[in-house]
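My questions will all concern the structure given below.
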Amino acid sequence: MTRLQETTVADQVIAITREVGPRLDQCELTHFVRREIDVEKARKQHLAYEQCLTRLGLTVMSLPGEPELPDSVFVEDVAVVLDEIAVISRMGAESRRQEADSVRAVIESFRPLGSIRAPATLDGGDVLKVGRTLFVGRSSRTNAEGVDQLKRILGPYGYEVRSVATSGCLHLKTGCSYIGRNTILANPALVDTNVFDGRDVIAVDKSESLAANTLAIGGVVLLPDCFPRTHSLLEKEGFPVSTLDVSELQKTEAGLTCMSIIISTRGVQEKRS
Ligand code: GLY
């Protein structure tokens with residue numbers, strides 16, 4: 001695993017992660033009931049997640065922990081990173097806003113920055129990129145101003161930003177994720193899938209309502225190991241699946257995308273040449 005000081009910007013795909021902090025069990029919860037979290041076990045599961053990304057060919061840049069910020073392992077919410085620009089969020093949960101400082105300091109070496117500003121709020125977990133379209137969930141964390149500001153920032157780069165209704169889930173990507181081949185895995189009970197016109201939608205198995213948050217990377221769809229029916233469904237549709245045990249992290253209302261920001265350094269090379 002590459003620590004910050006060893007990082008180079010050769011043509012790589014980088015996953016920015018952050019270690020699990022000691023106060024994980026005091027994380028924000030919106031739709032979940034608080035359950036006891038074994039923080040040591042969560043740390044081991046998070047390490048296995050980072051090791052899996054490394055095996056898949058990514059360069060993992062693991063940021064130092066933020067012991068005072070319980071949700072700081074969920075770096076995805078801090079920024080929306082595209083090839084041309086990164087937009088630093090103003091997160092919907094006030095308790096999480098300080099998380100942005102250290103991540104901004106890293107991302108600015110890879111991309112020019114834009115920012116979401118008050119009164120707008122936006123969490124990266126509400127942003128699903130499919131080609132040049134960004135679907136943005138309207139959730140308890142992302143408001144209409146957040147969607148509008150993202151649209152204004154990204155319009156000049158040729159991105160279309162489309163708002164999506166969500167219901168009963170923390171983020172848009174709690175209820176759907178892009179798995180490649182123009183296909184979105186979704187739970188239609190949580191996300192209005194009508195907005196995905198022109199894309200194929202695979203619905204998760206009805207008994208696995210939280211199976212839609214996957215991380216498609218390195219030629220596989222990473223899926224928590226507690227969703228065997230959706231796993232079979234994906235394989236039947238020809239998507240290679242790899243599983244991880246993230247049981248302790250799931251108690252925090254998190255999914256697999258939440259724990260990394262993926263950055264290709266191709267954009268950096270182009271910018272510098
Ligand atoms: N516990 C994850 C979040 O609420 O953002």
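Every number for a ligand or one of its atoms is a count from 1 in the order of the listing.
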Just wondering, are more than 12 heavy atoms of other shown residues or ligands nearer than 6.0 Å to CD in Q98?
-> no
Contact region, L170 to ligand 1, non-hydrogen atoms below 4.0 Å, reads side chain
Electrostatic pair R18:E66 at N-O distance under 4.0 angstrom = yes
Salt bridge present between D126 and R141 (N-O < 4.0 angstrom) = no
Could you list the atoms of ligand 1 found under 4.0 angstrom from a heavy atom of T252?
-> 1 (N), 2 (C)
Aromatic F135 / basic R162 pairing, under 6.0 angstrom, 45° off normal = no
From CA spacing to verdict: salt bridge (charged side-chain N to carboxylate O under 4.0 Å, His left out), E68, R23 = CA-CA 7 Å; E68 294 308 314; R23 295 179 59 206; 3.5 Å; yes
For atom 2 (C) of ligand 1, the closest protein heavy atom turns out to be D71 OD1, 3.2 Å
Atom 5 (O) of ligand 1: nearest protein contact (heavy atom, Å) | R96 NH1, 2.7 Å
Closest approach of any protein heavy atom to atom 4 (O) of ligand 1, naming residue and atom = R141 NH2, 2.7 Å
